[in-house]
Amino acid sequence: MDLSKLNPPQREAVVTLQGPLLVLAGAGSGKTRVITHRIVHLLNERPGHIMARNILAVTFTNKAATEMKERLVHMAGPRAQGVLVCTFHAFGAELLREDIHRLGWPRKFAIADMGDQLAIIRRAMRDHKIDDRSFDARKVLTLISKAKNSGKAPEPKPEGIGDDYDLITHMVYPDYQLALKAQGSVDFDDLLLLPTRLLREFPDLYEKYTRRFRYLLVDEFQDTNIAQLELLKLMAGEQRNVCAVGDDDQCIYSWRGAEVRNILDFDRFFPGGKEVRLEQNYRSVQTVLDAANAVIAKNPERKAKQMWTDRKGGPKVKVVGCPNDEEEARFVAHEIQKHISLGVPADEIAVLYRTNGQAHPVEEMLREKNIAYEVVGGSEFFDRREVKDVIAYFKVIVNKLDEISLMRIVNVPSRGIGDVTMERLNVHARGEGVTLWTVMRKADTYEDLPPGAGAKVLEFVQLIERYRDAYEHGQLAAVTRKLLEEIGFREATRAHATSATSADKKLKSVDGVLNSLENFEKREGPKASLLTYLNRLSLDTRQEEEEVPGGHRRVTLMTVHSSKGLEYRLVFFIGMEEDLMPHGGMQGEPQNLEEERRLCYVGITRAKELLYLTRANTRVKRGKEVPRTPSRFLEDLPPEVVEKVDLDAPRQGPPTTEEKNFFANLKERFKKPGAPGAGPPRGAAG
DNA sequence: CGGGTCCCGAACTCA
DNA sequence: TCGGGACCCG
């Protein structure tokens, strides 16, 4: 491998193999290069001594893991297949898959998604006579997750401390944890916490895993939480060959428990290690980097880094003010069209936003102009009712203890098993101290059920058990097709829809599930099972990539969060307004300005050549048009690298030639007849 | 008792 | 804009 292509700090990060190493990798500093080279170097350095299976590389997303693995195999050949590259959560799941039974969970445990979590919390709240409408279960879930991640036991707090939510959380937490275990499930936090427990409590497991994984590498270290750090410290063993790569300026997941201190205090957690700083940015032109540096400079408590580039100059950052969100979208679509026609490949263009909802107007305009695009994330698909229902069938078939899913589908489609029936059966289950499923299997022996209900319940039980068997032996997609056919799922879905178009959409989503099953089977081959499918679903929220005819390149739309680690020649960062960027406080939490600033920094640094920062004067929110004020971050930009474009305000002085061209290109948008708010905006020079 | 309809309230970033 | 809950009817 050729190390001469690396700059000195990069080289140092690659060849420092023993002991703790913190690599502070600024945006665009060739981080991925360093990581992959380092792993290949490990494999080359002491052949026969360091095997691929001794290396664990942890990434932030599954996508990053897949790409890194591909790169490794490309660089080092098939032997790199043995390197384990995955997310912390996937690693935790893998470890639990082997040894969770030591803690009393079934080996075939399920991973509870957010819907499951909320349902359990709501039920626990109701058990405590807490009205789940006056108190938000999501908030409780957030608090429980925080408590779990900071290592707090599910103990009630002493009286008089905290507010209502603290109180509720401490009442609900123990129930929540018990209910999860009772239905053989773990939540996302458990995927980190339970492996830690296993390594702490069972010396043989500590031995087993620390001997196998002797070289650890963690990417995006700034976004790890306390639980992940604890797990990492254990996995590091006595040798502590831990390489952490990250950038404190890009810590954007503190709402999920990410702890900037993990990177700031790395030396405290892994004393005696080395620190390397990568400060040369290979990605962006000077103007973009200047804008980014100016925004992030205002944050206190940073590891002082001075990012620089030798790509001097570059086009100015365009700060565009628009009358409203629709015009903003129109502008973005128009500019995209222009740049594509000038030869910029569509997949080198990205539209970034703070919240998923901002994508809609842009999508509409792009569709109108026939510009191919893809929306990343926005787990929309698996949030759809029909999809959730089908998934719930899978969950029950795999795990009859999953009462949340069971209750969800027992009467979907309607089969005459109503609330009263299930309530009575629940009472029996509790009275006899057995599971709901056990009671349902002998539903015909209870006399207090509505007439005919017992027989219907039995029929349902037999249906599920029959399909449990069918899935063991048949193809996932084929069996599912048969199941949906037998229960009349499509007909019921169609009947349930309010219009023909919505029925179409719903049926398409059902097809989507079948497609995703088929793809899964293709990928996994014979080891594909319903259980592995469900697990992959919870760990990897990526949507199935749609087949694009002719492999056309597409513009990418995504949140700033999803854009972490990616780069594009052309970036539109939209909605640069107060309350959006920086975003207002979430779920009663105070606004975290420092994090919003980092988020802004991440967004800006995605751009390689040209950056647009757009904002609107009014925006439709909850069906109402509300006035907006420009983001304070815009004021931090150095004037000399910025070109202001106001499509909404009278301009001062004569337009520059560049502006004239700019507006000439915009003329087309006023030709559109009947467009709401059409007509030249005040003072537009066109 | 079960199923359909209507109305009201909330919506943020993700493994 | 959508989903959940209350309410009413068969």
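Lettering of chains follows the sequences in order, A, B, ..., and the numbering in each one begins at 1. Because the structure is predicted, anything quoted here is derived from the model rather than measured. All values below were derived from every heavy atom in this structure, side-chain atoms included, with hydrogens, water molecules and symmetry-related copies excluded.
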S.K.: Can you see if the side chain of Thr421(A) gets near the phosphate of dC1(B) - specifically, an N or O under 4.0 Å from OP1 or OP2?
M.R.: no

S.K.: Verify the contact: side-chain N or O of Arg408(A) to OP1 or OP2 of dG4(C), cut-off strictly under 4.0 Å; return yes or no.
M.R.: no

S.K.: Closer to the 5' end of DNA chain B via nearest nucleotide, is it Asn411(A) or Thr61(A)?
M.R.: Asn411(A)

S.K.: Taking atom CD of Glu94(A) as the centre, does the number of heavy atoms from other residues, nucleotides or ligands within less than 6.0 Å exceed 12?
M.R.: no

S.K.: Picking from Gln358(A), Arg619(A), Arg615(A), what satisfies side chain to side chain donor-acceptor pair (under 3.5 Å) with Glu328(A)?
M.R.: Arg619(A)

S.K.: Base, sugar-phosphate alone, or nothing: which one does Phe88(A) contact when heavy atoms must sit under 4.0 Å apart?
M.R.: nothing

S.K.: Could you work out which one of dC1(B), dC14(B), dG4(B) sits closest to the side chain of Ser414(A)?
M.R.: dG4(B)

S.K.: Is it true that atom CD of Glu486(A) has more than 12 heavy atoms of other residues, nucleotides or ligands lying nearer than 6.0 Å?
M.R.: yes

S.K.: Are Phe633(A) and Phe573(A) close enough that their ring centres sit under 6.0 Å apart?
M.R.: no

S.K.: Separation of Met422(A) atom CE from dG3(B) atom P, in whole Å?
M.R.: 13 Å

S.K.: What's the CZ-P distance between Arg415(A) and dC1(B), to the nearest Å?
M.R.: 20 Å

S.K.: Quick one: Asn356(A) CG to dC2(C) P, roughly how many Å, whole number?
M.R.: 16 Å

S.K.: Send over the distance from Glu386(A) CD to dC2(C) P, rounded to a whole Å.
M.R.: 12 Å

S.K.: From the options dC14(B), dC1(B), dA15(B), select the nucleotide whose nearest atom is closest to the side chain of Thr559(A).
M.R.: dC14(B)

S.K.: Between P on dA15(B) and CG on Asp116(A), what's the gap in Å once rounded to a whole number?
M.R.: 17 Å

S.K.: Side chains of Ser405(A) and Gln183(A), heavy atoms from C-beta outward: is any pair under 4.5 Å?
M.R.: no

S.K.: Closest to the Ser562(A) side chain: dA15(B), dC1(B), dC14(B)?
M.R.: dC14(B)

S.K.: Over how many whole Å does the gap from Asn535(A) atom CG to dA15(B) atom C1' extend?
M.R.: 13 Å

S.K.: From the set dC1(B), dA15(B), dC14(B), return the single nucleotide nearest to any side-chain atom of Arg424(A).
M.R.: dC1(B)

S.K.: Would you mind reading off the distance between Gln358(A) atom CD and dA11(B) atom P, rounded to a whole angstrom?
M.R.: 16 Å

S.K.: Let me know the distance between CG of Asp389(A) and C1' of dG4(C), rounded to the nearest Å.
M.R.: 14 Å

